**Student:** 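For reference, the structure I am asking about is given below.
As the structure is a computational prediction, the values presented were derived from the model and not from experiment.
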Amino acid sequence: MRYVAAYLLATLGGNANPKAADLEKILSSVGVEADKDLLKKVISELEGKSVEEVLSEGREKLASVPSGGAVAASAAPSGGAAPAAEEKKEEKKEESEEESDDDMGFGLF
């Protein structure tokens with residue numbers, strides 16, 4: 001991800017076709033040691049492509065991925081209430097066990 005970010009920074013800075021040395025300079029400025037193989041991979045994948053086109057293609061792909069946000073939001077309140085009820089039941093069980101242990105099995109009163 002950092003290599004892609006460096007590539008995007010270089011293109012935003014006006015360098016339409018950044019080279020490995022350009023990305024290494026950006027990464028080293030923030031203390032990141034660059035892996036030459038990963039730099040080559042990023043550059044080869046993005047070489048000759050417009051960053052704007054790559055980003056718009058990515059948005060289109062993400063738009064087709066089902067996220068299920070609406071379903072999860074409506075199910076969250078009911079799912080959140082059930083564990084709370086279970087916790088209350090467990091607390092009641094623990095209290096009754098503690099009360100029976102207090103008299104050590106002898107019913108004095």
Side-chain angles (χ1 to χ4, degrees):
M1 193 68 179
R2 62 183 74 170
Y3 301 105
V4 175
Y7 190 92
L8 291 173
L9 283 171
T11 57
L12 284 173
N15 187 349
N17 294 314
K19 304 293 179 206
D22 300 326
L23 301 184
E24 284 180 18
K25 185 176 179 182
I26 292 170
L27 292 170
S28 66
S29 71
V30 292
V32 175
E33 189 174 323
D35 181 1
K36 295 194 185 289
D37 293 332
L38 291 175
L39 281 174
K40 288 179 185 177
K41 175 73 173 168
V42 169
I43 291 171
S44 68
E45 291 291 326
L46 295 173
E47 191 172 20
K49 296 180 182 177
S50 166
V51 173
E52 290 81 16
E53 290 174 10
V54 172
L55 290 175
S56 67
E57 288 174 15
R59 283 191 195 117
E60 290 172 13
K61 289 180 182 178
L62 285 175
S64 67
V65 175
S67 63
V71 175
S74 64
S78 63
E86 290 176 17
E87 287 179 25
K88 288 180 182 178
K89 289 179 184 178
E90 289 177 15
E91 288 177 1
K92 288 180 182 179
K93 288 180 184 178
E94 289 178 17
E95 289 176 14
S96 62
E97 290 175 9
E98 288 176 15
E99 290 174 6
S100 64
D101 290 340
D102 287 344
D103 62 339
M104 297 177 17
F106 303 105
L108 298 177
F109 297 103

**Student:** Could you identify which residues cluster with Val4, counting Ile, Leu, Val, Met, Phe, Trp and Tyr as linked when any side-chain heavy atoms lie under 4.5 Å apart, either directly or through a chain of such contacts?
**Tutor:** Tyr3, Tyr7, Leu8, Leu23, Leu27, Val30, Val32, Leu38, Leu39, Val42, Ile43, Leu46, Val51, Val54, Leu55
**Student:** What's the separation between atom CD in Glu57 and atom CG in Leu62, rounded to the nearest 0.5 Å?
**Tutor:** 12.0 Å
**Student:** Residues in salt bridge (charged side-chain N to carboxylate O under 4.0 Å, His left out) with Lys41, at least two apart?
**Tutor:** Glu45
**Student:** Indicate yes or no: at least one non-hydrogen side-chain atom of Asp22 is less than 4.5 angstrom from one of Lys19.
**Tutor:** yes
**Student:** If you round to the nearest 0.5 Å, how far is OG1 of Thr11 from NZ of Lys49?
**Tutor:**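 So the gap between those two atoms works out to 14.0 Å.
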